[in-house]
Amino acid sequence: MWGLIAGGTVKCVQGPASALDIGGSFVLAPQFPAVPDTMAPFAYQVLKAGATASATAIVFGTANWNATGFTNAIVNVAVLPDNPQVS
């Protein structure tokens with residue numbers, strides 16, 4: 001989840017990992033992380049690591065999110081829904 005904190009600084013927090021089935025669909029829908037009271041979310045991102053993805057390919061702040069085997073969706077929000085949309 002992407003949000004703003006004091007002074008307009010961008011902060012990101014990660015929710016728990018969610019397993020994918022053999023077809024690349026979530027076994028259980030992903031959940032949002034705990035959002036600090038001092039953070040105003042403006043977007044969330046769902047990144048799926050498929051069967052051909054390297055487990056070490058994504059390092060936040062340094063990696064290319066279109067690496068082989070990954071799918072990536074960013075959703076801009078004014079108000080967060082209860083759960084991330086996955087389809």
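Just so it is clear, the structure is predicted and the values come from calculations on it, not from any experiment. We're numbering straight along the sequence, starting at 1. No hydrogens, no waters, no symmetry mates; every other heavy atom, side chains included, goes into these values.
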(message) Strictly by side-chain hydrogen bond (donor to acceptor under 3.5 Å, both in side chains), give each pair with a member in residues 41-53 just once, sequence neighbours left out.
(response) Trp2-Gln45, Gln45-Asn72

(request) Using a 4.5 Å cut-off on heavy atoms from C-beta on, say whether the side chain of Val10 contacts that of Leu4. (result) yes

(request) Could you tell me which non-hydrogen atom of Lys11 sits nearest to which non-hydrogen atom of Met39, and how far apart they are? (result) O-CE, 3.6 Å

(request) For residues Ala43 and Ile74, report the shortest heavy-atom separation together with the two atoms involved. (result) CB-CG2, 4.3 Å

Listing, residues 17-33 side-chain donor-acceptor contacts under 3.5 Å, not counting sequence neighbours, or none:
residue, atom, partner, partner atom, Å
Asp21, OD1, Gly23, N, 2.9
Asp21, OD1, Gly24, N, 3.0
Asp21, OD1, Ser25, N, 2.9
Gln31, NE2, Ala29, O, 3.2

